[in-house]
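Worksheet: the structure to be examined is printed underneath.
Numbers for residues simply follow the sequence, beginning at 1.
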Amino acid sequence: MIRTILMLTFWSIAAPVAALIGFPWTLISGDVRLLYRMFNWGAFTGVQLAGVRVEVIGRDRFDHSRSYIFMTNHASNLDPPIEVPLIPRRTSVMVKKELFKTPILGTAMRMGDLVPVDRGNRDAGIEAVEEAKAVVAKGLNMIIYVEGKRSFDGKLLPFKKGPFYLAMECGVPVIPMTIVGTHYAMPKTRFAIRPGKVQVIFHDPIEPRDFGGRECLMEKVRAVIESGLPEEFRQTSNSLKRDSA
């Protein structure tokens, strides 16, 4: 609990400082990159202060000068402050619309082209996909938690279809990501952070045009993300073992 409080205290101090420097610079210059880097640094440093060690695998598997749609599993509130700072170039993310009402954070998210989404409203979800399409068209990356919510047990939940519609419409490569260990460090049901190791795996890029439709692309991305999970969390491999028994 002490480490969790340390992380939250650091964030509560770092965010106003970043805003004090970054907001005026962004408004004067029209360039949000300084603000983006400061918030990313604060987010990642806070997680490290909580005792979470991060191992990164596969970041050399793709061209850092291009735009991509990163699709990843989701097991903890620690996932975004770990993953987003690791992605080269500025990256947008779909976030709950309620967070845009948070002082400082909400303003920073709007400046950073983050996309608000109302998970309980299907029409709003379609609108969010259209906003995300516009963000990608501007040359930004997009990271999407394709399950739509956090997993309770670390196993993959059913994927939302919207991200794959977005990928097919945009035509930019998809990079599946697997994050392992945040389920232990801070599961959905616990507030306190348990120190430990987290592994972030960047898989090889996938070209949407190589697939006949959203369903085929979804199956491929799911299989790749799942391949990075510990064996006990791989539902596909476990079901195959049961079938062959």
Original post:
Salt bridge or not for D113 and R90, using N-O below 4.0 Å?
Top reply: yes
Original post:
Would you say R234's side chain and S227's backbone share a donor-acceptor pair under 3.5 angstrom?
Top reply: yes
Original post:
Are any of the side-chain heavy atoms of E131 and V135 separated by less than 4.5 Å?
Top reply: no
Original post:
Who pairs with F10 by ring-ring contact (aromatic ring centres under 6.0 Å, His included), at least two apart in sequence or on another chain?
Top reply: W41
**OP:** Report yes or no: does R61 contribute a side-chain atom to a donor-acceptor pair with the main-chain N or O of F202 at less than 3.5 Å?
**Re:** yes
Original post:
Hey, does the side chain of R89 reach the backbone of N141 with a donor-acceptor pair shorter than 3.5 angstrom?
Top reply: no
**OP:** Start with the C-alpha distance between T72 and I144, add both sets of side-chain angles, then the distance that settles side-chain contact (heavy atoms from CB on, under 4.5 Å), and finish with yes or no.
**Re:** CA-CA 6 Å; T72 180; I144 303 177; over 6 Å; no
Original post:
Does E83 reach the side chain of I143, with side-chain heavy atoms less than 4.5 Å apart?
Top reply: yes
Subject >> Taking every non-hydrogen atom, the tightest pair across P116 and A128 >> reply: O-CB, 3.7 Å
**OP:** Following the transitive rule for hydrophobic clusters with a side-chain heavy-atom cut-off under 4.5 Å over Ile, Leu, Val, Met, Phe, Trp and Tyr, establish whether M186 and F152 coincide in one cluster.
**Re:** no
Original post:
Should the pair E55-K197 be classified as a salt bridge under the 4.0 Å nitrogen-to-oxygen rule?
Top reply: yes
Subject >> Within-4.5 Å side-chain heavy-atom neighbours: I206 and D210 >> reply: no
Original post:
Do the side chains of L20 and L27 join up, straight or via other hydrophobic residues, at under 4.5 Å, putting them in one cluster?
Top reply: no
Original post:
Can you list the other members of the hydrophobic cluster that holds I57, where links are side-chain heavy atoms under 4.5 angstrom apart?
Top reply: I201
With a cut-off of 3.5 Å and sequence neighbours excluded, list every side-chain donor-acceptor pair involving residues 167-177.
| from | atom 1 | to | atom 2 | distance (Å) |
| --- | --- | --- | --- | --- |
| E169 | OE1 | K133 | NZ | 3.1 |

Original post:
What is the minimum heavy-atom distance between H74 and P80, and which atoms define it?
Top reply: CE1-CD, 4.2 Å
Subject >> Heavy-atom pair of closest approach, residues S67 and G139 >> reply: OG-O, 2.7 Å
**OP:** Please determine if R209 and E207 form a salt bridge, counting it only when a charged side-chain N lies under 4.0 Å from a carboxylate O.
**Re:** yes
**OP:** Flag the pair K160 / E147 as yes when at least one side-chain heavy-atom distance between them is below 4.5 Å, and no otherwise.
**Re:** no
**OP:** Flag the pair Q235 / R222 as yes when at least one side-chain heavy-atom distance between them is below 4.5 Å, and no otherwise.
**Re:** yes
Original post:
So, R53 and Q199: side-chain donor and acceptor under 3.5 Å apart, yes or no?
Top reply: no
**OP:** Output, in order, the C-alpha distance, side-chain angles, deciding distance and verdict of side-chain contact (heavy atoms from CB on, under 4.5 Å) for V95 and V117.
**Re:** CA-CA 6 Å; V95 297; V117 60; 6.0 Å; no
**OP:** Examine distances only and state if a side-chain atom of Y165 and a backbone atom of V129 form a donor-acceptor pair shorter than 3.5 Å.
**Re:** no
Original post:
Can you find a heavy atom in the side chain of L78 that is under 4.5 Å from one in the side chain of I179?
Top reply: no
**OP:** Could you tell me whether a side-chain N or O of H64 sits under 3.5 Å from a main-chain N or O of R59, the two making a donor and an acceptor?
**Re:** yes
Original post:
In terms of hydrophobic clusters joined by side-chain contacts under 4.5 Å, are M7 and I2 together?
Top reply: no
**OP:** Look up atom CD1 in I69 and atom OG in S92, then write down how far apart they are to the nearest 0.5 Å.
**Re:** 11.0 Å
**OP:** Could you tell me whether R33 atom CZ has more than 12 heavy atoms of other residues or ligands within 6.0 Å of it?
**Re:** no
Original post:
Hey, mind stepping through V115 and M142 against side-chain contact (heavy atoms from CB on, under 4.5 Å) and telling me if it holds?
Top reply: CA-CA 10 Å; V115 178; M142 174 68 63; 4.0 Å; yes
Subject >> Note, Y68 side chain near R66 side chain (heavy atom, < 4.5 Å) >> reply: yes
Original post:
Are any side-chain N or O atoms of T4 and backbone N or O atoms of I193, one a donor and one an acceptor, separated by less than 3.5 Å?
Top reply: yes
Original post:
Would you say the side chain of F164 lies within less than 4.5 Å of the side chain of V221, judging by non-hydrogen atoms?
Top reply: yes
**OP:** Evaluate the criterion side-chain contact (heavy atoms from CB on, under 4.5 Å) for residue pair V52 and I82; output intermediate values, then yes/no.
**Re:** CA-CA 9 Å; V52 176; I82 291 175; 4.2 Å; yes
Listed pairs under 3.5 Å, donor-acceptor, residues 100-108 side chains, sequence neighbours left out:
| from | atom 1 | to | atom 2 | distance (Å) |
| --- | --- | --- | --- | --- |
| T102 | OG1 | L99 | O | 3.1 |

Subject >> Residue pairs, two or more places apart or on separate chains, that pass side-chain hydrogen bond (donor to acceptor under 3.5 Å, both in side chains) and touch residues 181-192 >> reply: D79-T182
Subject >> Transitive ILVMFWY cluster of L34, excluding itself - 4.5 Å side-chain cut-off >> reply: V17, I21, W25, M38
Original post:
Between the main-chain N or O of L156 and the side-chain N or O of S151, is there a donor-acceptor pair closer than 3.5 Å?
Top reply: no
Original post:
Rounded to the nearest 0.5 Å, how far apart are CD1 of I5 and CG of L49?
Top reply: 13.5 Å
**OP:** Give the cluster check for W11 versus F191: same hydrophobic cluster or not, with ILVMFWY residues linked at side-chain heavy-atom distances below 4.5 Å.
**Re:** yes
Original post:
Do F70 and F62 have ring centroids that are under 6.0 Å from one another?
Top reply: yes
Original post:
Sub-3.5 Å donor-acceptor pair from the side chain of Y36 to the main-chain atoms of M111, do we have one?
Top reply: no
**OP:** Answer with yes or no whether the hydrophobic clustering places Y145 together with L157; edges join I, L, V, M, F, W, Y residues whose side-chain heavy atoms lie under 4.5 Å apart.
**Re:** no
Original post:
Between T178 (side chain) and I225 (backbone), is there a donor-acceptor pair under 3.5 Å?
Top reply: yes
